[in-house]
Amino acid sequence: MELSVFGELLSNGNGIVDLMNDLGEAVALRPDMLTLGGGNPAAIPEIQALWRDYARRFLCDSDSFDKALACYDSPQGDPRFLDAFASLFRERFGVPITSKNVVAVSGAQQGAFLLFNMIAGGTRDGKRKKILTPLSPEYVGYAGLGVDSNLFISCPGKITYPDENDASVFKYEVDFNAVERALQDDDVSAILVSRPTNPSGNMISRAELQRLDRLAEKYNALLIIDSAYGGPFPGIVEDESELDSVFWTPRTALFYSLSKIGLPGLRTAFLIASEEIVERIATMNAIVALTNNSIGQRIALPMFESGDVLRVSREIVRPYYCKRRAEAIEILQGELSRVGVDARLHKSEGAFFLWLWIPGLTSGSANLYNQLKAKGVLAIPGDGFFYGLGDDHMNEEFSASRARCMRISFSSSYEIVARGLRIIAETIRDCVDADSASGR
């Protein structure tokens, strides 16, 4: 078969395809696999009970149920839900939007595909618009979304050590000199961040967001913030104050999702943006899918009309993951100490991942991934999160880390996480010892 350029780009596979295939295999064929790899949220009992209650209400509302199953919604989404969503952000956080600023998409991944390709790539006048990720490593799922190849350019994160006396904990910060150079050298249509950052759990600060927004204004770019894990919902952040406000300017586009608040299977997410962007995304929805699945919007409607989604995020979701984060860090640090491995952990400020950098892993994280998979543990090699990087201006420390990082999820049960982290530490030791013995 002779493929189009589009067909080659989207069907040849990349890191996110391998990740989803492995997760699907683990669920269907290897139920004994210790899954510390994917972005599936935890099965929080209180949240599951809450969604069952909302689902019962939906089933008992025969009019809403029948329309959800038998009728197409608007390509923009269910009008009643869009009104409730916009009202929540306007009344609770002062974000000056109406339902005309919100569009439903079939998961943030699909929404990002539409938005990225709408504003970046080749143009009629021969330009090649790019999307800039100012803090690499960044979410691997973005990397393959461009219909045009090389859609992304990335700036290496500036590695810092919050405690100058402790080299075991590090943090990425935005290198604004590198960002400004990239904006000057390339035709950038958007600046893109996940906040908190997938994979590292890093929270780009409010001050950094403000600086990025000023650069977006200066270079006529859109600032896209993916809040799949952030505030005000689902609220998987260390700093509770992040649930009290929403960063918004006329140049901002915000992604929110129902996935991490317990509904990943319903593939329901939302984009807040200008009326022009929303109208165009709705048109694209109509062309590629007619409309979106409305069941997630109908089930979640009462939670957004009442504002209960904010209480649930603050009182249930955030405390659950904060506890699990502390447990996972304690276990991992203890296991690494037990086996005598020198490793560095990114300061975990949100999401439900630990980002581990193993300086002695000269054979690379892909090898470690395969070793772990053979032992029944699924964790994600870091290589795929470092995309869009050039070699110019990349410091030696960052460059050396690129093939030596792993993303480890702590959203599974305590028992699975504890067993998995023990095996991970022991496997790292064996790989590092083998690399040393082979002279790598």
Side-chain angles (χ1 to χ4, degrees), residues 23 26-27 31 33-59 85 88 107-108 194-196 198-199 201 203 226-244 255-270 295-332 348-354 378-380 407-421:
L23 289 174
V27 170
M33 180 78 79
L34 304 178
T35 52
L36 279 68
N40 211 75
I44 304 174
E46 297 94 327
I47 296 296
Q48 291 181 297
L50 194 64
W51 284 125
R52 282 195 294 272
D53 180 53
Y54 278 113
R56 278 192 290 268
R57 295 191 213 178
F58 169 60
L59 289 170
F85 191 96
L88 182 70
S194 57
R195 187 173 186 268
N198 175 359
M203 280 293 283
D226 184 348
S227 296
Y229 298 88
F233 76 92
I236 309 176
V237 292
E238 187 71 19
D239 183 355
E240 188 175 13
S241 68
E242 286 291 340
L243 308 185
D244 297 330
F255 277 110
Y256 289 94
S257 171
L258 299 184
S259 292
K260 308 315 180 196
I261 203 164
L263 297 177
L266 291 184
R267 309 310 304 136
T268 305
F270 308 93
I295 292 176
Q297 297 172 70
R298 300 294 175 92
I299 291 175
L301 176 61
M303 184 184 273
F304 281 80
E305 287 183 325
S306 67
D308 202 34
V309 64
L310 306 180
R311 179 194 66 81
V312 167
S313 298
R314 185 181 294 273
E315 297 180 8
I316 302 176
V317 178
R318 179 183 172 273
Y320 178 89
Y321 283 108
C322 284
K323 180 174 183 292
R324 298 304 309 280
R325 177 182 296 110
E327 292 169 345
I329 290 173
E330 181 180 14
I331 294 168
L332 180 57
S348 183
E349 299 169 310
F352 43 69
F353 307 114
L354 301 181
L378 202 58
I380 304 305
R407 193 192 77 176
I408 304 166
S409 169
F410 52 80
S411 65
S412 293
S413 70
Y414 178 91
E415 292 75 16
I416 287 176
V417 171
R419 286 167 55 202
L421 291 177

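Here the structure is a predicted model, which means the values were calculated and not measured.
The two residues Gly296 and Thr268 come nearest to each other via the heavy atoms CA-OG1, 3.8 Å. For the residue pair Leu378 and Met33, the shortest heavy atom distance occurs at N-SD, 4.0 Å. Of all the heavy atoms in Ile261 and Val317, the pair that sits closest is CG1-CG2, 4.3 Å. Shown here for Pro196 and Ile236, the closest heavy-atom pair between the two residues is CG-O, 3.9 Å. Residues Gly307 and Leu88 approach most closely at CA-CD1, 3.8 Å, considering heavy atoms. Considering every non-hydrogen atom in both Ala108 and Ala269, the closest pair reads N-CB, 3.3 Å.
Of the inter-residue distances, the one linking Leu421 atom CG with Leu34 atom CG reads 10.0 Å to the nearest 0.5 angstrom. The CZ atom of Phe58 sits 5.5 Å away from the CD1 atom of Ile295 when rounded to the nearest 0.5 Å. One finds the CD atom of Glu238 at 4.5 Å from the SG atom of Cys322 (value rounded to the nearest 0.5 Å). Here the CG atom belonging to Leu301 is positioned 10.5 Å from the CZ atom belonging to Arg57, to the nearest 0.5 angstrom. Between the CG atom in Leu243 and the OG atom in Ser313 there is a gap of 7.0 Å [rounded to 0.5 Å]. Taken to the nearest 0.5 Å, the CG atom of Asp239 stands 8.5 Å off from the CG atom of Asp244.
Contact of the Ile329 side chain with the Ser348 side chain is registered, since non-hydrogen atoms from C-beta on lie closer than 4.5 Å. Residues Trp51 and Leu266 form no side-chain contact, since every pair of their non-hydrogen atoms from C-beta on lies 4.5 Å or further apart. The closest side-chain heavy-atom distance from Arg314 to Leu310 is not below 4.5 Å. The shortest side-chain heavy-atom distance between Val312 and Leu50 falls under the 4.5 Å cut-off. Residues Ile299 and Leu258 have side chains not in contact (no heavy-atom distance under 4.5 Å, counting atoms from C-beta outward). Taking 4.5 Å as the limit, some side-chain heavy atom of Tyr256 sits within range of a side-chain heavy atom of Pro232.
The side-chain tip of Arg407 points at the ring of Phe353 from less than 6.0 angstrom away and within 45° of straight on.
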Checklist entry - side-chain contact (heavy atoms from CB on, under 4.5 Å) between Leu263 and Tyr54: does it pass, once the steps are laid out? => result CA-CA 12 Å; Leu263 297 177; Tyr54 278 113; over 6 Å; no
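Judged by distance alone, the side chain of Ser411 and the main-chain N or O of Asn40 form a donor-acceptor pair under 3.5 Å. Formation of a donor-acceptor pair under 3.5 Å by the Ser412 side chain with backbone atoms of Thr35 is found in this model. Under the 3.5 Å distance criterion, the side-chain polar atoms of Tyr321 are matched with a main-chain donor or acceptor of Ala42. Remark: the backbone N or O of Ala351 is paired with a side-chain donor or acceptor of Arg325 at under 3.5 angstrom. For the pair Lys260 (side chain) and Gly230 (backbone), a donor-acceptor distance under 3.5 Å is absent.
Phe304 and Phe233 have perpendicular rings, their planes meeting at more than 60° on a 0 to 90° scale where under 30° would count as parallel.
Applying the side chain to side chain donor-acceptor pair (under 3.5 Å) test between Tyr320 and each of Lys323, Arg318, Arg324 identifies Arg324 as the sole match.
Taking 4.0 Å as the cut-off between side-chain N and carboxylate O, Glu415 and Arg419 do not count as a salt-bridged pair.
The 12-atom threshold is not exceeded at CD of Glu330, counting heavy atoms of other residues, nucleotides or ligands nearer than 6.0 Å.
Arg267 and Ser259 form a side-chain donor-acceptor contact under 3.5 Å, judged by distance and modelled atom types alone.
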